[in-house]
2 protein chains.
Amino acid sequence: MDAVFHALGDATRRHMLRDLAGGERTVGQLAAPFAISLAAASKHIKALEHAGLIRREVRGRTHVCRLEPGPLAAAHAWLGFYERFWTDRLDALDRILRAEDATRSQDKETTDE
Amino acid sequence: MDAVFHALGDATRRHMLRDLAGGERTVGQLAAPFAISLAAASKHIKALEHAGLIRREVRGRTHVCRLEPGPLAAAHAWLGFYERFWTDRLDALDRILRAEDATRSQDKETTDE
DNA sequence: TCCATGCTTAACCGATTGGTTGAATATAGC
DNA sequence: GCTATATTCAACCAATCGGTTAAGCATGGA
């Protein structure tokens, strides 16, 4: 779990994962969008691999990477434990707003980020 | 997002968050379970605060911390993007079929705290 | 066979991390 | 006012991080 969240804690690696959501990518393809050396990209990919987030298949001289969703599911589940805190809060906010608006016409949904 | 995942990438801080799920905790209370100095715990708490994961209220000489679920919800949503990768049956079948090439069955389950 | 390609490894660098200890700050209670 | 308590701040340390450049390995293709 340490390795998973650590791997996700870098924008470059998160971008690579998003890229891999579109299908298989070689190391070179993953590195292309970034203004970093191939060696640096290789390290990022190794970090993702170490976290179990991707799997690598050596095909000739190219290394093809695939998304490995297991650890993402685990992280999602870990965060899911706290779901009640933001749903509770939204519920509480909802109750407050409804109570305040008891004398008013209503229905303003705020979905903020 | 960088700060959020980075904060989550440390077992001590994750443990502190779990603790805070039980309600308000002072800095001392959060630090207690760990064999680290109060100064080290203070840094961890500052990292959580910097990520927006907790809020601090200074009450007299004690600092009371409270869980702030917003960033957790954001991280959860970010991971949710990949949900189809672990729930989509067709994708799972695809992975199995591709795994035949590697002639390798890989069963890696990570059960973390 | 020779060379370009795809990628990794090694050595290095500056910044950050997680930890320490010791001093400082502020409040609570006698 | 004095002292214990709660916590931060500052300086320091070793380890890790993200990046570089240069070299090394395989592989693919003419």
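Lettering of chains follows the sequences in order, A, B, ..., and the numbering in each one begins at 1.
When rounded to the nearest whole Å, the span between CD1 of A:Ile45 and C1' of D:dG18 equals 14 Å. For the pair A:Gln29 CD and C:dG6 P, the computed distance is 10 Å after rounding to whole Å. Spacing between atom CG of B:Leu30 and atom P of D:dA6 amounts to 14 Å, rounded to whole angstrom units. The nearest whole Å value for the distance from the NE2 atom in A:His50 to the P atom in D:dG18 is 13 Å. As a whole-Å value, the separation of B:His63 NE2 from C:dA28 P is 11 Å. Rounded to whole angstrom, the span from the CD atom of A:Glu24 across to the P atom of C:dG6 amounts to 17 Å. Rounded to whole Å, atom C1' of D:dG18 lies 13 Å from atom NZ of A:Lys46.
Ring-centre distance between A:His76 and B:His76: below the 6.0 Å cut-off.
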(message) So if I define the base as every atom that isn't primed, P, OP1 or OP2, how would nucleotides 23-30 of chain D read as a B/S/- string at a heavy-atom cutoff under 4.0 Å?
(response) ----BS--
(request) Encode nucleotides 13-20 of chain C as B, S and - characters from 5' to 3', where the letter depends on protein heavy atoms closer than 4.0 Å: B to the base, S only to sugar-phosphate, - to neither. (result) ----SSBB
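Ion pairing of A:Arg66 with A:Glu57 is absent here, as no side-chain N (NZ or NE/NH1/NH2) approaches a carboxylate O to less than 4.0 Å. Checked for salt-bridge contact, B:Arg59 and B:Glu24 meet the test: a charged N lies under 4.0 Å from a carboxylate O.
Side-chain atoms of B:Glu49 do not come within 3.5 Å of backbone N or O of B:Lys46 as any donor-acceptor pair. The backbone N or O of A:Ala7 lies less than 3.5 Å from a partner atom in the side chain of A:Arg13, making a donor-acceptor pair. Using a distance-only test at 3.5 Å, with no hydrogens or angles considered, a donor-acceptor pair links the side chain of B:Tyr82 to the main chain of A:Arg18.
Geometrically, A:Arg14 does not engage B:Phe5 in a cation-pi contact defined by less than 6.0 Å to the ring centre and at most 45° from the axis.
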Listed pairs under 3.5 Å, donor-acceptor, residues 31-38 of chain A side chains, sequence neighbours left out:
unit_1: A:Ser37; atom_1: OG; unit_2: A:Ala40; atom_2: N; d: 3.1

